[in-house]
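What you see is a predicted model, and the numbers here were worked out from it, not measured in a lab.
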Amino acid sequence: MDQSFYDMVFDLVRLIPKGRVTSYGAIARSIGAGGSARMVGYAMNHAHLAHPAIPAHRVVNSTGLLTGKFHFATPDLMQELLEQEGVLVKDDKVQNFKQHFWDPMDEL
DNA sequence: ATTGTGACCTCTC
DNA sequence: CGAGAGGCCACAA
């Protein structure tokens, strides 16, 4: 695959169904990054530059905490988007995270 | 080529 | 249960 790490991450994130969330580590392992979950977040750093728009708000850490909410246009935007899709967010944390969790391997 | 940094994860105390 | 440290890979300067 000539696709770079970014493209793989972006592609996978774009495949995340609405109302579902996933963790950086899950994505990293799905693409074969192993324990390089940090790279996933790094890619998300350029997510706002990628096209089409990437639902980065559906990507949270293992604890379901909205770590990168500050990287969005507005910190509240991430929570708003999640709630908009039916994901309840409280204290910057995804409620029923396990329930809303979407395993990339499930699609692959 | 080397150094530094990063929207993290996991283990151990 | 809470805090700390290490590790991991990729990209930018």
- Message: For a quick check of understanding: with a heavy-atom distance under 4.0 Å over all strands, which category does A:Ala56 fall into, base, sugar-phosphate or nothing?
- Response: base
- Report whether A:Val21 and A:Val89 are members of the same hydrophobic cluster (ILVMFWY, side-chain heavy atoms less than 4.5 Å apart, transitive linking). yes
- Item | Whole-Å gap separating C1' (C:dA10) and CG (A:Asp7) | 13 Å
- Message: Considering every strand and a 4.0 Å limit on heavy-atom distances, what is the contact class for A:Phe72: base, sugar-phosphate, or nothing?
- Response: base
- Interatomic distance where CG belongs to A:Leu49 and P belongs to B:dA7 [whole Å]: 14 Å
- Take the protein atom CZ of A:Arg38 and the nucleotide atom P of B:dA7, then report the distance between them rounded to whole Å. 9 Å
- Query: If Ile, Leu, Val, Met, Phe, Trp and Tyr residues are connected whenever their side-chain heavy atoms lie under 4.5 Å apart, and connections chain through other members, are A:Tyr24 and A:Leu15 in the same group?
  - Reply: yes
- Message: What's the closest nucleotide to the side chain of A:Tyr42 if the choices are B:dC9, B:dA7, C:dA12?
- Response: C:dA12
- Atom pair distance, as rounded to whole Å: CG in A:Asp92 and P in B:dA7: 16 Å
- Task: Verify the contact: side-chain N or O of A:Arg29 to OP1 or OP2 of B:dT10, cut-off strictly under 4.0 Å; return yes or no.
- Result: yes
- Nearest whole angstrom, please: distance from the P of B:dA7 to the CZ of A:Arg58. 22 Å
- Item | A:Asp76 and A:Thr74 side chains, donor-acceptor separation under 3.5 Å | no
- Base, sugar-phosphate, or nothing for A:Asn45, non-hydrogen atoms under 4.0 angstrom? base
- Indicate the ring-plane relationship of A:His46 and A:Tyr42, choosing parallel, tilted or perpendicular according to the 30° and 60° boundaries. parallel
- DNA chain C: A:His46 or A:Ala37, which has the more 5' nearest nucleotide? A:Ala37
- A:Lys69 NZ to B:dC8 P: how many Å, rounded? 13 Å
- Message: Between C1' on B:dC9 and CG on A:Leu65, what's the gap in Å once rounded to a whole number?
- Response: 14 Å
- Message: Using the side-chain heavy atoms of A:Ser4, tell me which of these nucleotides is nearest: B:dA7, C:dC11, B:dT10.
- Response: C:dC11
- Query: Hey, does the side chain of A:Ser36 come within less than 4.0 Å of C:dA10's phosphate (OP1/OP2), counting only N and O?
  - Reply: no
- Message: Within the 4.0 Å heavy-atom criterion, would you say A:Tyr24 contacts the bases, only the backbone, or no part of the nucleic acid?
- Response: base
- Item | A:Phe5 side chain, from C-beta outward: closest of B:dC8, C:dA10, B:dA7 | C:dA10
- Message: For a quick test of reading the model, state the closest non-hydrogen atom pair linking A:Phe10 to A:Ile54 and the distance between them.
- Response: CD2-CD1, 2.8 Å
- Rounded interatomic separation in angstrom, taking CD1 from A:Ile54 and P from B:dA7: 16 Å
- Per A:Tyr6 side chain, nearest of listed nucleotides B:dC8, C:dC11, B:dA7: C:dC11
